[in-house]
Amino acid sequence: MKNQFSLEGKVALITGASYGIGFAIASSLANAGATIVFNDLKQEFVDKGLAAYKAEGIKAHGYVCDVTDEAGVNAMVAQIEKEVGVIDILVNNAGIIKRIPMVEMSAAEFRQVIDVDLNAPFIVSKAVIPSMIKKGAGKIINICSMMSELGRETVSAYAAAKGGLKMLTRNIASEYGEFNIQCNGIGPGYIATPQTAPLREKQADGSRHPFDSFIIAKTPAARWGNPEDLAGPAVFLASNASDFVNGHVLYVDGGILAYIGKQP
């Protein structure tokens, strides 16, 4: 059973994994034996990521690449294959969100979110699939969201992109499953990261931040998730243990999507 979850000898590309959820997922794959490759937009971000991995005892390979640039992605994948090896595992993690009411959002802002959160996973997946077909195996994990299922104020572009990413996940599974390629998604709930820290700060009177109270009330687990909560699901979907799991989105949300909420 332990061997089913081993990633020894595997090369894993995690996009935008200099910090945050991507870094946590990459670290979990490294701890299972995978060789880690990641990208970011600028060299300074790549350098910070390399230093963070080194501090965790992980030897990672970092590349500067904009995942919305198809030519740049193709060049990066070719370079990775030459310098590190064929990519066995792809985690499409890079993403952005713009919290703007829909009627105040410009079409350009909407397109930017779609470009990063939906077009980029298409571009990067398209770049790695041919070598996966030749190898006869591959794992693609798309970082979806609860907004793949739910709507919320101010996130029209993000929800549209993540809903589309859910369907791209299913379509990759449908189109390339016969080549022993599994494409699944992880849908994180509300995760405690430095980026969400302001939403969890105590108020001046010692009370919870209103958004913090809202999340706790909506989550059966009665807590925010930790990045480490994504480690097991990521390793499972990247390993041989999930060889007959395809086109599925695994929501790691503490039960939010299953819960109607407490009666007032």
Side-chain angles (χ1 to χ4, degrees), residues 1-40 46 49-63 65 67 73 76-94 121 124-143 169 172-173 176-186 188 226-250 252:
M1 179 60 71
K2 185 169 68 172
N3 290 338
Q4 276 196 298
F5 292 90
S6 173
L7 302 180
E8 291 291 339
K10 305 292 186 181
V11 175
L13 167 61
I14 303 90
T15 64
S18 297
Y19 61 92
I21 287 174
F23 180 84
I25 288 175
S27 298
S28 70
L29 301 185
N31 290 333
T35 298
I36 299 303
V37 181
F38 72 98
N39 79 291
D40 216 315
V46 170
L50 290 171
Y53 285 110
K54 186 176 181 180
E56 294 293 322
I58 297 169
K59 182 182 178 182
H61 304 263
Y63 294 83
C65 181
V67 288
V73 167
M76 178 184 69
V77 169
Q79 190 176 359
I80 291 169
E81 290 187 354
K82 180 180 178 181
E83 297 176 352
V84 185
V86 171
I87 295 163
D88 301 285
I89 302 157
L90 166 64
V91 182
N92 282 309
N93 166 76
V124 185
S125 298
K126 182 169 170 278
V128 304
I129 285 172
S131 290
M132 289 180 172
I133 291 174
K134 289 179 184 177
K135 199 166 187 176
K139 302 282 186 176
I140 298 174
I141 302 171
N142 291 324
I143 302 305
T169 299
I172 292 173
Y176 297 104
E178 65 178 298
F179 300 103
N180 193 30
I181 295 171
Q182 291 83 48
C183 181
N184 294 288
I186 292 177
N226 297 311
E228 294 75 23
D229 289 319
L230 301 170
V235 171
F236 167 63
L237 292 177
S239 72
N240 293 338
S242 62
D243 280 354
F244 205 56
V245 179
N246 215 355
H248 174 75
V249 180
L250 175 53
V252 186

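All of these numbers come straight from a predicted model, not from anything done at the bench. Basis for what follows: all heavy atoms, side chains included, without hydrogens, waters or symmetry-related copies.
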I'd like to check the ring pair (Phe, Tyr, Trp, His ring centres under 6.0 Å) partners of Y176; sequence neighbours left out, ordered by chain and number.
none
By side chain to side chain donor-acceptor pair (under 3.5 Å), which residues pair with S131, not counting sequence neighbours?
E81
Using the salt bridge (charged side-chain N to carboxylate O under 4.0 Å, His left out) criterion, which residues pair with K126? Sequence neighbours excluded.
E70
Compile the donor-acceptor pairs under 3.5 Å between side chains in residues 8-25 and protein atoms, sequence neighbours left out, one pair per line.
from	atom 1	to	atom 2	distance (Å)
T15	OG1	N93	N	2.9
T15	OG1	A94	N	2.9
S18	OG	D40	OD2	2.7
S18	OG	F45	O	3.3

Who passes salt bridge (charged side-chain N to carboxylate O under 4.0 Å, His left out) against K134, sequence neighbours left out?
none
Which of these, I141, I129, V128, sits in a side-chain contact (heavy atoms from CB on, under 4.5 Å) with L90?
V128
May I have the step-by-step check of side-chain contact (heavy atoms from CB on, under 4.5 Å) for L230 and S28, ending in yes or no?
CA-CA 8 Å; L230 301 170; S28 70; over 6 Å; no
For a quick check under 3.5 Å, do N180 and Q182 share a side-chain donor-acceptor pair by atom type?
yes
Yes or no on side-chain contact (heavy atoms from CB on, under 4.5 Å) for V37 and I87, after CA distance, side-chain angles and deciding distance?
CA-CA 9 Å; V37 181; I87 295 163; over 6 Å; no
Side-chain donor-acceptor pairs under 3.5 Å in residues 241-249, sequence neighbours left out?
from	atom 1	to	atom 2	distance (Å)
S242	OG	K139	NZ	3.1
S242	OG	F236	O	2.8
S242	OG	L237	O	3.2
S242	OG	S239	O	3.1
D243	OD1	K139	NZ	2.8
N246	OD1	C183	N	2.7
N246	ND2	I181	O	3.2

Mind listing the closest non-hydrogen atom pair of M132 and D88 along with its distance?
CE-O, 3.6 Å
Would you please test H61 and T35 for side-chain contact (heavy atoms from CB on, under 4.5 Å) and show each step?
CA-CA 8 Å; H61 304 263; T35 298; 3.8 Å; yes
Any idea which heavy atoms bring C65 and N39 closest together, and the distance?
O-ND2, 2.9 Å
